[in-house]
Amino acid sequence: MIKVHLHPIGYKQSKKEFEIYTSMADKGLETLLAQSYYVDKFISIQKYYKPLELKNNQSYEVKVEEYRHLIPNLFEEVLEVLDKKFDCFDLVDSSNYGLNNDGKLVFTDYGMTKSLYEKEWVPLAEEGIFPQIHYDFCSDCGIEKELRMYGDNDIDKRCYVCGKE
């Protein structure tokens, strides 16, 4: 998979994924992470995994108890290492996983740290530069789903499918 860095924060995330993957490979825990092959300021190349399907047109929290059939061995150990050693953020959202050939979860988007989120992402979201996800009814199709909202003054409540970028 090729990830295009639309913003310097994306580049920082990809660099972090490369660092994490390399460190986890040294511990023998890399099979739960999408391999990061290459990173530069413009793109990163990572092994592709089939994404999890949306539920009601939106991502959802992956709860270990509820999704036990998707949980690979060492999942909780890797989750703890990502949280405690690497300060990773938002690791339970379904959009951050793919499925391997055995139908088990693999982390595909694991480079956002709590500090990067708080210090760089949130201020840009508050300024309306980056969207925050808001669950509401789309003003065009009427379906309740994830809406991209750009700051507190954004009144366009259309979903991506209905034309909001």
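Predicted model only: the values in this text are computed from it and were never measured.
Side-chain atoms of Asn100 come within 3.5 Å of backbone atoms of Asp102 as a donor-acceptor pair (strictly under, hydrogens ignored). Looking at Asn96, its side chain does come within 3.5 Å of a backbone N or O of Asp90 through a donor-acceptor pair.
Atoms OH and OH, on Tyr21 and Tyr110 in that order, are 7.5 Å from each other to the nearest 0.5 Å. Summarising the geometry, atom CD belonging to Glu17 is positioned 9.0 Å from atom CG belonging to Leu33; distances are rounded to the nearest 0.5 Å. The CG atom of Leu79 sits 9.5 Å away from atom SG of Cys88, with the distance rounded to the nearest 0.5 Å. Annotation: the span from Leu105 atom CG to Leu52 atom CG amounts to 6.0 Å, rounded to 0.5 Å. To the nearest 0.5 Å, atoms CG (Asp83) and CD (Glu76) are separated by 13.0 Å. Taken to the nearest 0.5 Å, the NZ atom of Lys157 stands 14.5 Å off from the SG atom of Cys162.
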Side chain to side chain contact (heavy atoms under 4.5 Å, CB included) between Ile143 and Cys159, intermediate numbers included: CA-CA 9 Å; Ile143 299 171; Cys159 67; over 6 Å; no
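Hydrophobic cluster membership differs between Val106 and Tyr48, with clusters built from Ile, Leu, Val, Met, Phe, Trp and Tyr side chains linked at under 4.5 angstrom. If you chain together hydrophobic residues whose side chains sit under 4.5 Å apart, Leu6 and Tyr11 never meet in one group. Linking Ile, Leu, Val, Met, Phe, Trp and Tyr whenever their side-chain heavy atoms come within less than 4.5 Å puts Phe75 and Ile20 in one cluster.
The two residues Gln46 and Thr108 have their closest heavy-atom pair at OE1-O, 3.0 Å. The two residues Tyr150 and Glu165 make their nearest non-hydrogen contact at OH-O, 2.8 Å. Taking each heavy atom of Asp109 and Gln13 in turn, the nearest pair found is OD1-NE2, 3.8 Å.
The salt bridge (Lys or Arg N to Asp or Glu O under 4.0 Å) analysis of residues 117-127, with sequence neighbours excluded, yields the pairs Lys12-Glu120. For residues 25-52, the set of pairs meeting the salt bridge (Lys or Arg N to Asp or Glu O under 4.0 Å) definition, not counting sequence neighbours, is empty.
Contact check for Met24 versus Leu32: no side-chain heavy atoms found under the 4.5 Å cut-off.
In this structure, Leu124 shares a hydrophobic cluster with Ile9, Phe89, Met112, Leu116, Tyr117, Trp121, Val122, Ile129, Phe130, the cluster being traced through Ile, Leu, Val, Met, Phe, Trp and Tyr side chains under 4.5 angstrom apart. Here Met149 sits in one hydrophobic cluster together with Leu147; the rule is ILVMFWY side chains under 4.5 Å apart, joined directly or through other members.
Tested against Phe107, the residues Phe86, Tyr97, Tyr49 include a single ring pair (Phe, Tyr, Trp, His ring centres under 6.0 Å) partner, Tyr97.
Residues satisfying the salt bridge (charged side-chain N to carboxylate O under 4.0 Å, His left out) test with Asp154, not counting sequence neighbours, are Lys164.
Remark: Asp156 engages Arg158 in a salt bridge, criterion side-chain N to carboxylate O under 4.0 Å.
Within 6.0 Å of OH on Tyr37 lie more than 12 heavy atoms contributed by other residues, nucleotides or ligands.
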Let me check something: any side-chain donor-acceptor pairs from residues 59-74 under 3.5 Å, sequence neighbours excluded? List them with distances.
| residue | atom | partner | partner atom | Å |
| --- | --- | --- | --- | --- |
| Ser59 | OG | Asp93 | OD1 | 3.3 |
| Ser59 | OG | Asp93 | OD2 | 3.1 |
| Ser59 | OG | Glu146 | OE2 | 2.6 |
| Tyr60 | OH | Glu53 | O | 3.3 |
| Tyr67 | OH | Lys55 | NZ | 2.4 |

